[in-house]
Amino acid sequence: MRTLETLSGGEWVVTGEWIDVHDPADVRTPFARVPALAAKDVTRAYDHAERGFAAWKRTSPFERARILTDAARLIRERVDAIAADVTTENGKTGAEARGETLKAADFLDYYAGLARQGYGTLLYDARPDTRTHTQREPIGVILVISPWNDPLITPARKLAPLLAAGNAAVFKPATETPLSGLHFARALHDAGLPAGVLNVVTGRTPEIEEALLDDPRIAGITFTGSNAVGNRIRRRLADRNVRFQGELGGKNASVVLRDAELAAAAKAVVAASFGQAGQRCTATSRVVVERPVYEEFARLLVTEVEALRTGPGSDPATTLCPLSSPKQRDGVLADLRKAIDQGATVLTGGGADTEGDRAHGCYVQPTVLADVAPESAIWREEVFGPVLAVRVVEDFDRAVDAVNDTDYGLAAAVFTRDLTAAYRFVDEAECGQVAVNTTTTGWDVHLPFGGFRDSGTAYKEQGDEVLRFSTRVKTVAVHFGDPERTRG
């Protein structure tokens with residue numbers, strides 16, 4: 001079993017306690033372990049971050065950019081080893097893990113470019129001989145809490161922009177998938193990131209939560225995960241001047257209108273629903289189909305789903321990976337049982353996959369459910385697994401109503417040949433990401449990302465929008481004329 005260190009104050013450190021990491025394709029034996037930090041270690045990480053920020057915010061933006069660019073190069077050079085660990089600790093296929101690794105490098109490159117540009121606006125001033133501008137400055141030490149489903153790309157999405165802007169970070173990777181985040185930290189460390197600018201806290205949340213969330217030096221928290229945890233963090237910050245960026249739940253829908261190219265729509269929906277075994281924030285979990293094309297679309301959909309090849313992510317033939325943990329598998333199976341009890345019809349799948357060696361892993365059959373009532377839990381609650389619920393509607397207006405009939409608002413898609421219908425859907429869908437004739441997933445590094453309603457907070461991720469979270473605005477007025485004129 002491999003033993004890994006964690007990064008704190010520019011040093012790779014270990015402790016006396018350990019967290020075992022398992023392969024969800026076969027959970028019988030751990031394959032690695034990482035340090036289980038204690039509360040005092042978390043406080044020490046904030047000590048390092050405070051000192052790191054004092055130096056990093058004064059570091060030339062060009063030097064920051066160089067470090068991020070070098071880290072991106074190192075990740076690409078190490079892609080095979082990193083992707084292998086992403087697959088082993090998370091379960092996703094080799095192709096998915098490799099794509100995630102390369103996209104993490106893209107985030108570093110993108111924000112290295114933005115670091116060189118500077119952030120601000122030139123303004124005219126009503127006072128004579130005076131010119132005013134705004135400039136953006138880093139806010140300080142930011143706590144980064146990332147989930148298990150995208151264990152490398154989510155840290156990259158969060159850390160790259162805040163580091164480019166001159167902030168320091170304390171980073172808490174998911175307990176189930178810490179290796180990916182440690183790979184990201186090692187690339188930055190090896191690229192020359194100064195000591196204390198990034199500190200990685202590997203630990204069991206119940207044991208370190210107070211030290212992690214209550215440190216007075218926190219200027220902001222960026223979190224991706226469940227609504228229950230996100231709302232708990234928000235309540236904890238209610239009386240503190242701490243920014244909170246949350247990317248929370250989703251119940252994403254795709255609409256198939258009667259004029260859609262049905263075969264292409266079926267392929268796109270399956271890709272969005274069953275990639276990473278449905279464990280994506282933007283995965284399609286609901287499909288709304290106009291009645292005239294329902295039977296044909298359902299047939300095409302089931303055919304595509306049944307062509308998926310279930311297996312370990314390390315097998316190049318696998319197209320549907322295991323879920324990321326026994327807890328996640330058991331939760332999805334419970335959701336399926338509840339859906340069937342509430343009247344849903346199973347078109348394909350519907351249970352655990354325990355065939356052969358898969359009996360030792362976290363496998364769930366790819367499932368399509370029909371006859372789903374709008375009030376049922378499977379239609380309203382996030383499942384986060386390889387489960388797709390289908391409803392039939394009579395027309396466009398009812399389709400939009402079905403999409404918006406949720407507390408969430410992250411992503412939606414429509415499949416149609418009608419340009420008017422497409423743009424009406426763009427305007428009327430109540431969500432932060434809208435796709436036309438393509439998947440709800442796959443938003444690139446430069447595209448602002450985030451949801452409406454209970455899917456997240458007002459601070460977007462990605463693109464230059466994320467800088468609204470990790471920087472503060474200072475307004476500067478410079479008088480360059482005769483001082484006497486100003487006094488007059």
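No hydrogens, no waters, no symmetry mates; every other heavy atom, side chains included, goes into these values.
With Phe469 as the partner, the ring-ring contact (aromatic ring centres under 6.0 Å, His included) test is satisfied by one option alone out of Phe223, Phe244, Tyr459: Tyr459.
When atom types are taken as modelled, the side chain of Glu100 and the backbone of Leu152 share a donor-acceptor pair closer than 3.5 angstrom. The backbone N or O of Pro312 lies less than 3.5 Å from no partner atom in the side chain of Asp315, so there is not a single donor-acceptor pair. Of the possible polar contacts, none joining the Gln276 side chain to the Lys92 backbone as a donor-acceptor pair under 3.5 Å is found.
Here Asp109 pairs with Arg76 in a salt bridge; the nearest charged N to carboxylate O distance falls below 4.0 Å. Classification of Lys251 and Asp454 as a salt-bridged pair fails, no side-chain N sitting under 4.0 Å from a carboxylate O.
Side-chain contact between Arg232 and Arg236 is absent, with no heavy atoms from C-beta onward closer than 4.5 Å. Leu37 has its side chain out of reach of Glu17: every pair of non-hydrogen atoms, C-beta onward, lies at least 4.5 Å apart. The side-chain heavy atoms of Arg217 and Tyr46, taken from C-beta on, include a pair separated by under 4.5 Å. Within the 4.5 Å cutoff, side-chain heavy atoms of Leu188 are placed close to those of Leu108. Leu388 has its side chain within reach of Thr284: a pair of non-hydrogen atoms, C-beta onward, lies under 4.5 Å apart. Residues Asn90 and Glu96 form no side-chain contact, since every pair of their non-hydrogen atoms from C-beta on lies 4.5 Å or further apart. Between His133 and Gln135, the closest side-chain pair of non-hydrogen atoms falls below 4.5 Å. Looking at Phe53 and Ile142, their side chains never come closer than 4.5 Å, going by heavy atoms from C-beta outward.
A cation-pi arrangement is not found for Arg116 relative to Phe62, the charged atom failing to lie both closer than 6.0 Å to the ring centre and inside a 45° cone about the ring normal.
Pairs of residues two or more places apart, or lying in two chains, that qualify as ring pair (Phe, Tyr, Trp, His ring centres under 6.0 Å) and include a residue from residues 188-217 are Trp12-His189.
In this pair, Phe384 and Trp148 present their aromatic rings perpendicular. The plane angle is above 60°, beyond the 30 to 60° band.
Atom CG of Asn241 is surrounded by 12 or fewer heavy atoms from other residues, nucleotides or ligands within 6.0 Å. When the shell of 6.0 Å around CD of Glu77 is examined, it contains more than 12 heavy atoms from other residues, nucleotides or ligands.
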